[in-house]
Amino acid sequence: MTPNERAAWLRTEIERHNVLYYVHDAPEIGDSEWDVMFHELKAIEDEHPELRTQDSPTQRVGVAPVSKFEPYRHGVPMLSLDNAFGEDELRAFDERIKRVLAIDVEVEYEAELKFDGLSMSLTYVDGVLQVGATRGDGISGEDVTTNARTVRGIPLRLQREMLGKLEVRGEVLMFKTVFETLNRDRVARSEQAFVNPRNAASGGMRQLDSRLTAERKLNFFAYGLGFADGQFREVHDQFALMQTLRTLGFPVREETRVCVGIDRLIEFVANVQQSRSRLPFGIDGVVIKVNNFDLQKELGFTARGPRWAVAYKFPAEQAFTILNGIENQVGRTGVVTPVAELEPVFVGGVTVSRATLHNYQEVLRKDVRVGDTVTVQRAGDVIPEVVGPVLEKRNPDSKVPRIPSVCPVCETPLIQQEGMVALRCPNSKGCAAQIQCKLQHFVGRNAMDIEGLGEKQIERYMNLNPPLLTDIPSIYGLKDHREILLSLERMGEQSVTNLLDAIEASKNRPLDRFLFGLGIRQVGDRTAGDLARTFGSLDGFMAATYDRLVLVPDIGPTTASEIEEWLELEENKKLIDALLKAGVVPTEPELPSGNLFAGQTVVFTGKLEKFKREDAEALVMRQGGKAAGSVSKNTSFVVAGPGAGSKLDKATQLGVQVMTEAEFLDMVPELMRNVE
DNA sequence: TTACCTCGAGCTCA
DNA sequence: CTCGAGGTAA
């Protein structure tokens, strides 16, 4: 046997034993025998580095660090599921399914554990793990392949021949026992312990050095399919898919069940909930999917996610703590928000010390008083909530919180608009809190993106005597105060230069970012983009009238009048003048250079050969068209490349014209294809 | 909202 | 070594 053959044999054999261990929980050999094989393989690879492969088990201990993670665009978006709390919402889900399918028989559901970890997309090409990526915003995540290779249970090579591309999805998580040992070790080395297994797992996947990821001993369970090159034609339901994934070498939990009808489903959910603490890892609910793929297809998707699945979340964990006080926070628009200051309490895996009380109507409705023992919970999402007071523990002398009559920061009398619950500080120009929020928004990442001007620095510069920052234009005056900046703590030559450079660089941000940065009410980054495209220039925008504004697609009467109001205010005109005087010249958006696609909405799906998708979309927009993300009846046509998935199905279903990339290119004269 | 990782740069002490 | 900022995840 040549070293090459021997190495290949060892690799297959080691992976087979890994699968027996991690997938089937039925090892055939002991740890020491496994070690012997592993070390022999390692020795061969060390001696003949050219024999080392990416799917070799030796890669599981990690490789040299990468410098950063590359963005990874998902071929099929990783959507999120709707949540359901309690039996009622589960029944409502079932009703909706039956209604949409127009059937009266019991639906077959597949129910699986909802792991408390982080989701991963694993792409295999010809059976070998090619890419492991995080979910990100669902459209694109990060390529963490080297880290993924160290996760036990993620097969580096599939157990069966499988030609073509395959994307499997699942969850990376840390077992409770691993978490405890890891923390014991960390404490022994006087390192900071992790707060919960989820964070330890999530942090592990964020390591640039995959050897450190390997030390976290992470696990993986598969739960679904992103994309398959047609390899799964024989598989017609989710449960069968899970079994097939298992035969391919993916760990799949045994708890997965098929439940016929909502009553069986609710029984199962209750069982899982009851026994969840006995599981070796954390879960936060049960994922329920309509089992049959044909029915799934029929149900389709909403804008948010699949209509055929729901995430049942366990009731939020609750804890008792003391309400130490109520802070009144003043936001960018002057709205005063009461925030509960809580005695820190560990609930739902984190320490909660603050929670919004939204408004005083809520405070009164809940009848919480300072000094009360209150119930706090962290519901399915991430926002902690004060549920209410524990009345038995109330001090009889406690007083109902007083609704502030003046701004806690600038002491201007607060106003309450007709029909609104919110209290507002009307001193938009002089209130330090509002100014600080406006500054933060203006320099923020989606606006002018001035690096080095964070919350702390803004606060610091505003509180100097005399203040360096007083309003938005004063940002551009910082360069005249180099000495003062240098005299501040932790501001050396380099920091000051970097800050001033970043401020200079922000002067030519695109118009849409600039408009967003102004913080006009109702104008988020989307609307700012619409405005920039419609009016083309700052002057154009400043001259906009209500009548013109309501004509902008996606801008309604409310937004239009907010913008009109903003434009009419003298102080805002002065603000723009001051910024222009300071040298701010927003870059005007590229106007459509043609009208080839005027009025058309184009959707790209699948992989494009000659174009990057963004470039193709930019081309459509330059030619006066709109590039949309999803197919609807308003779509003019769909350009489908290889690997097109649900969007293609949707297009066929709606009878929308579909063309190939080549056909699309034929529509575009050579000259117009150039991408600047 | 909280927790984690990474980076650049300033600060501190040898 | 420590801090602040920036990014990401749920």
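Throughout, protein chains are lettered first and strands after them, A, B, ... in sequence-line order, and every chain is numbered starting at 1. Everything numeric here is computed off the predicted structure, so don't read it as measured data.
A/Gly141 comes within 4.0 angstrom of no nucleic acid atom, judged by non-hydrogen atoms across all strands. Using a 4.0 Å heavy-atom distance criterion, A/Glu493 is classed as a sugar-phosphate-only contact. At the heavy-atom level, A/Ile450 lies under 4.0 Å from the strands shown only through sugar-phosphate atoms. Among the heavy atoms of the strands, none lies under 4.0 Å from A/Ser80. At the heavy-atom level, A/Thr497 lies nowhere under 4.0 Å from the strands shown.
A salt bridge links A/Glu167 to A/Arg169: one of the charged nitrogens lies within less than 4.0 Å of a carboxylate oxygen.
Look at CG on A/Asp116: it is 14 Å from P on B/dA3, rounded to the nearest Å. As rounded to whole Å, 19 Å separates atom P of B/dG8 from atom CG of A/Leu453. One interatomic measurement links the two molecules: CZ of A/Arg378 to P of B/dA3, which rounds to 9 Å at whole-angstrom precision. In this entry the distance linking NZ of A/Lys456 with P of B/dG10 reads 18 Å, nearest Å. Distance A/Asp501 CG to B/dA9 P: 11 Å, rounded to the nearest Å. As a whole-Å value, the separation of A/Glu317 CD from B/dT2 C1' is 15 Å.
Residues from residues 192-211 of chain A with heavy atoms under 4.0 angstrom of DNA chain B, sorted by number: A/Phe194, A/Val195, A/Asn199, A/Gly203, A/Arg206, A/Gln207, A/Leu208. Against DNA chain B, the stretch residues 337-372 of chain A makes heavy-atom approaches under 4.0 Å through A/Val350, A/Thr351, A/Val352, A/Ser353, A/Arg354.
Checking each of A/Tyr22, A/Phe250, A/Phe281 against A/Phe221 for a ring pair (Phe, Tyr, Trp, His ring centres under 6.0 Å) leaves exactly one that passes, namely A/Phe281.
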| said: Run A/Tyr72 and A/Thr134 through side-chain hydrogen bond (donor to acceptor under 3.5 Å, both in side chains) and show every step you take. | reply: CA-CA 8 Å; A/Tyr72 179 80; A/Thr134 61; over 6 Å; no
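Aromatic ring pairs are classed by plane angle as parallel below 30°, tilted from 30° to 60° and perpendicular above 60°; the pair A/Trp308 and A/Phe301 is perpendicular.
In terms of phosphate contacts, A/Arg216 brings a side-chain nitrogen or oxygen within less than 4.0 Å of OP1 or OP2 of B/dC5. Residue A/Ser495 has no polar side-chain atom (N or O) positioned under 4.0 Å from OP1 or OP2 of B/dA9.
Reading DNA chain C from its 5' end, the first and the last nucleotide to sit under 4.0 Å from a heavy atom of chain A are C/dT2 to C/dA10.
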